[in-house]
Amino acid sequence: MRINAQILPSEMSIKRLKNLKMSIFLTAASGLLEGALAVPNQLYAQAVAKILPRSFQVEVTNPLSVARTEILVVIPASTIKADVPEFNPRAYVVQDGKTELASQYNQHDTDKPGIVVVLPKLAAKEKKMLTVRYATSGTAERFYPKRTQAELSHKVGGEFVNREYQAGEFKNVEYLRVPKEHKDHSWFIRYEGPGWESDLVGYRLYLDQRNATDVFGKTTHEMILQHVGLDGFDSYHHLQPWGMDVMKVGKSIGVGSIGSIINGVTERVEITDSVDCRITENGPVYSSFVTRYYGWKIGSRKHDVQSRISIHAGSRLTQTRLSITNQIDHIATGIVKDKAAPLIINKGDNSKWAYLATYGKQSLNTPPDELGLAVVFNPATVIEYTEDALSHLVKLKPTEAGEVTYYFLAAWVYEKEGIKTEAEFIQYLDHVALELANPVTVTLKTKK
């Protein structure tokens, strides 16, 4: 039994005491739910129904004639509030039949607020009915294996001497306004920026004048970012028990970084007035963060850019959603060039999204081994496919409101149970492109 309260009864009102008792009861019952695999299904079902007596159902439909796995399902907070106003996000579970699914309730992510759950699989054209059970008050904490992570860690207790941060120790934070002194290799931010990962792959963003994305290849399904960059920044450039930094960014677009092409030159988000970054979700099945660039100077104009990045369990895909002010005509993104990894283009159509990809022995391992990189986007947003000396590029057209959405991913040959050949990589990309163009539908069902 977990009891989180540490307040003596004599110090609280009768009403608060009743609330505490309910919280203790639900939290204790949560321990029973965690041990559900050790009891018969009937007993488990009875326990859940008693502890979480209210319920509603959610229908998830796969429109495709092929199966899909590790499906992100979002039950929006606005829909729940409208249809089930008494729902309590502090005491609920999501069930597929008698099986409890790992889930989380997003409080801070503005793109996917509400209940987030990852379905292990859906058959072709399958409709699956999930049940959300809840109590209208109290707390029933659930503890699921962590399959995603987002973190931001910088040094505290030291000081900048010229452009280098000296002394101090790393501390994880939820928010950072980037100091003006901070540039690349200032030794201030652990592995140089925010990191995010699923159980398949990890990424990092250089939170300095480069503002480019890099890849951590993983040999394990465990979370690894908390171990990276603690010993002098350099070790992750070499193979570690968990994997390594597998991609060389340099002055290229990296993979999926934000840029714009001016007079034939690709400019990343380098000249800005200020930058800040906030971790918005760090949950078991979904993690996200927001980076805000104020006064990004492109040519003679300045733009404010909000970049919202997210990842979910069981997926290599990072979703990037941009909001840009002052009517920019395009955003350029793409993939670093490597002679060992020729460009692959699929321009997509109404039934599937488009992608730029490379595959070959382009990793930073010694000797290099197979690494696949890709950027995936709606073909309706493409202005043109292009390149520069360092990167394969695509120019994407923002909406009238200044919005741009695309995805990027990496697949390293040494992933646990991962992709091993170029043919497998292309097959995987074609399936991803099909799924993005044909998302599952999610419908909340309540008793009338």
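Since the structure is predicted, the reported quantities are computational estimates derived from the model, not experimental observations. Throughout, numbering of the chain's residues begins at 1 and tracks the sequence.
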Cationic N near anionic O, under 4.0 Å, R147 to E70: yes
K155 charged N/C atom sitting above Y165 aromatic ring, 6.0 Å / 45°: no
Listed partners of D96 passing salt bridge (Lys or Arg N to Asp or Glu O under 4.0 Å), at least two apart: K128
Residues which pass salt bridge (Lys or Arg N to Asp or Glu O under 4.0 Å) with R316, listed by chain and number, not counting sequence neighbours: E415
Check against salt bridge (charged side-chain N to carboxylate O under 4.0 Å, His left out), E222 and K146: CA-CA 8 Å; E222 301 299 317; K146 196 156 176 59; over 6 Å; no
side-chain hydrogen bond (donor to acceptor under 3.5 Å, both in side chains) assessment of Q362 paired with T358: CA-CA 9 Å; Q362 59 178 328; T358 61; 3.0 Å; yes
Pair Y286-H312, ring pair (Phe, Tyr, Trp, His ring centres under 6.0 Å): steps then yes or no: CA-CA 4 Å; Y286 178 92; H312 74 263; 7.8 Å; no
Distance flag, aromatic centroids of F188 and F160, threshold under 6.0 Å: yes
Y406 side chain vs G256 backbone, donor-acceptor pair below 3.5 Å: yes
Exceeds 12 heavy-atom contacts within 6.0 angstrom, atom NZ of K420: yes
Ion pair R204/E192, N-O distance below 4.0 Å: yes
Test side chain to side chain contact (heavy atoms under 4.5 Å, CB included) applied to V60 - qualifying residues, sequence neighbours left out: V58, V73, L119, L122, L130, V440
Residues in salt bridge (Lys or Arg N to Asp or Glu O under 4.0 Å) contact with E197, at least two apart in sequence or another chain: K218
Rounded distance (nearest 0.5 Å) linking atom CD1 of I311 with atom OG1 of T318: 4.0 Å
With sequence neighbours excluded, residues passing side-chain hydrogen bond (donor to acceptor under 3.5 Å, both in side chains) with H221: E417
Stepwise side-chain hydrogen bond (donor to acceptor under 3.5 Å, both in side chains) test for T280 and S288: CA-CA 6 Å; T280 43; S288 62; 2.7 Å; yes
T272 side-chain N/O to V275 backbone N/O, donor-acceptor pair under 3.5 Å: no
From CD1 (I80) to CG (N88), nearest 0.5 Å: 11.5 Å
Exceeds 12 heavy-atom contacts within 6.0 angstrom, atom CD of Q427: no
Qualifying residues under side chain to side chain contact (heavy atoms under 4.5 Å, CB included), relative to N438, sequence neighbours excluded: P63, L64, L434
With E86 via salt bridge (Lys or Arg N to Asp or Glu O under 4.0 Å) - residues at least two apart: R54
For Y144, ring pair (Phe, Tyr, Trp, His ring centres under 6.0 Å) partners two or more places apart: none
Donor-acceptor contact present, side-chain K180 to main-chain D273, <3.5 Å: yes
From CA spacing to verdict: side-chain contact (heavy atoms from CB on, under 4.5 Å), L152, E174: CA-CA 7 Å; L152 177 60; E174 292 187 356; over 6 Å; no
T110 backbone acceptor or donor facing N106 side chain under 3.5 Å: no
Distance in Å, L225 CG paired with Q149 CD, rounded so as to fall on 0.5 Å steps: 5.0 Å
Test side chain to side chain contact (heavy atoms under 4.5 Å, CB included) applied to K127 - qualifying residues, sequence neighbours left out: E59, T61
Side-chain donor or acceptor of D304 paired with backbone N/O of G295 under 3.5 Å: yes
Salt-bridge contact D184-R163 (side-chain N to carboxylate O under 4.0 Å): yes
Q57 side-chain N/O to V132 backbone N/O, donor-acceptor pair under 3.5 Å: no
Test: R308 and E403 ion pair at under 4.0 Å: yes
Residue that, paired with Y203, satisfies ring pair (Phe, Tyr, Trp, His ring centres under 6.0 Å) out of F216, F289, F408: F408
Intermediate values then yes/no, side-chain hydrogen bond (donor to acceptor under 3.5 Å, both in side chains), N365 and W412: CA-CA 11 Å; N365 203 1; W412 186 38; over 6 Å; no
Exam field: side chain Q104 to backbone V285, donor-acceptor pair closer than 3.5 Å: yes
Contacts of Y293 that satisfy ring pair (Phe, Tyr, Trp, His ring centres under 6.0 Å) - sequence neighbours left out: none
Under-4.0 Å salt bridge between R321 and D111: yes
Salt-bridge criterion met for E126 and K121 (N-O under 4.0 Å): no
Euclidean distance, D276 CG relative to L176 CG, rounded to 0.5 Å: 8.0 Å
Sequence neighbours excluded - ring-ring contact (aromatic ring centres under 6.0 Å, His included) pairs with any residue from residues 88-121: F87-Y92
Pairs involving residues 279-288, ordered by first then second residue, that meet salt bridge (charged side-chain N to carboxylate O under 4.0 Å, His left out) (sequence neighbours left out): none
Name of the residue among D214, N211, T213 meeting side chain to side chain donor-acceptor pair (under 3.5 Å) with Y206: D214
